[in-house]
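Below: one structure, written as structure tokens.
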Amino acid sequence: MATAERKGRLPREREDHFMRLPGAQVVSTRALLMVRENIRAAIEAKAMICIYGQTGRGKSLAVNTSLRELAPKLTRRIQFRARPSTRDLRHELFHALGLQGRPPSHAIEFDRVLRGALEETHVLVCDEAQWLSKMCFEYLRYLWDDTASDLTIVFTGGNGCFEMLQSEPMLESRVYVWQEIGRLSLDEVRTVIPAFHPVWADADPDLIALCDQEAAHGNFRAWAKITHHLVSGLRETGRAGVDEELLRWAYSKLPAQQTV
Ligand SMILES: Nc1ncnc2c1ncn2[C@@H]1O[C@H](COP(=O)(O)OP(=O)(O)OP(=O)(O)O)[C@@H](O)[C@H]1O
Ligand SMILES: [Mg+2]
């Protein structure tokens, strides 16, 4: 399926990985397992759910992985990279829901069309929800309240998403589950990183711990980025496996404040 046709659908699994890192595997972190259970419960309850936490902690990957299993055909996804108006939000929904033709020009008609299409959708993911204004959240609440369907809304977002939802009593009271994704603990890093990528499979556990303490700090995107550099380093130097020198070279590519 071409990218344009996939608009609004869950991305392919490979696209969830940082820079499509070849060889990377999805690993079942505690957070991912909990996201799956919480989304399952939210779908059963036809509820709203909020998965939040700092950048790079694995929110989008956990939500997409869970929904590929729980509702692959009935999930639609919208995502913003700048603050949308409610008009932008309506248009984004129109395209994500696969509606054909020209979007209606009158708001009442637009809302009727969107509500009709949402009756066919079970799960709507709003990723990067920290970009949504109060008005946009209100609009989604209106659609959710008003839709004669079994709609579940998953809000996923970084800094600001939680605060915005919490600050609106009408929304806050409708959110069924709140889940914060924290950083990976060192114990979890030791368990999941060897399964994450073949370069770590036989690596010295002390090197993995060193990398986490000095550079990755339990942040999954940092782990993926370091792994990407390591893969090229191994290829260019012809070394057989990870050693401390190569590892330090790989994480020297991260900004200095991260490598403390
Ligand atoms: N459970 C996992 N298994 C394997 N890789 C993971 C996992 N979780 C996260 N990653 C890696 O970390 C990267 C960042 O994760 P993700 O994009 O989900 O973070 P995020 O919390 O949504 O960040 P942002 O707030 O910036 O959108 C992914 O692209 C992937 O490479
Ligand atoms: Mg994300």
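In listed order, ligands and their atoms are each counted from 1.
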Would you mind telling me if ligand 1 is within reach of the side chain of [X], the backbone, both or neither, using heavy atoms under 4.0 Å?
X	result
L32	side chain
D16	backbone
F196	side chain

May I ask you to identify the nearest protein heavy atom to [atom], giving residue, atom name and distance to one decimal place in Å?
atom	value
atom 17 (O) of ligand 1	R221 NH2, 3.1 Å
atom 26 (O) of ligand 1	T55 OG1, 2.5 Å
atom 11 (C) of ligand 1	F220 CD2, 3.7 Å
atom 1 (N) of ligand 1	V27 O, 2.9 Å
atom 18 (O) of ligand 1	L61 N, 2.8 Å
atom 23 (O) of ligand 1	G56 N, 2.9 Å

Run the numbers for me: atoms of ligand 1, each under 4.0 Å from some heavy atom of [X], listed by number.
X	result
Q25	3 (N), 4 (C)
V26	3 (N), 4 (C)
A224	31 (O)
F18	28 (C), 29 (O), 30 (C), 31 (O)

Any salt bridge between [X] and [Y], counting N to O under 4.0 Å?
X	Y	result
E92	R87	no
R90	D111	yes
D16	R68	yes

Taking backbone and side chain together, does S60 place any N/O/S atom at a distance below 2.8 Å from the Mg ion (ligand 2)?
yes
Ring centroid separation [X] to [Y] under 6.0 Å:
X	Y	answer
H91	F110	yes
F220	F18	no
F162	W178	yes

Just to be sure I'm reading this right: ignoring hydrogens, which of M19, K59, E128 gets closest to atom 20 (P) of ligand 1? Compare them by their nearest heavy atoms.
K59
Between F137 and A129, the two heavy atoms sitting closest are CZ-O, 3.5 Å
Take R83 and E128 through the salt bridge (charged side-chain N to carboxylate O under 4.0 Å, His left out) test and state the conclusion after the steps.
CA-CA 10 Å; R83 194 168 281 286; E128 305 285 340; over 6 Å; no
Can you tell me if G58 has a non-hydrogen atom under 4.0 Å from ligand 1?
yes
Do side-chain atoms of N219 reach the backbone of T55 as a donor and acceptor pair under 3.5 angstrom?
yes
For side chain to side chain donor-acceptor pair (under 3.5 Å), just list the numbers for E214 and Y251, CA-CA rounded to whole Å, side-chain angles, deciding distance to a tenth of an Å, and then say yes or no.
CA-CA 9 Å; E214 293 199 352; Y251 63 67; 2.6 Å; yes
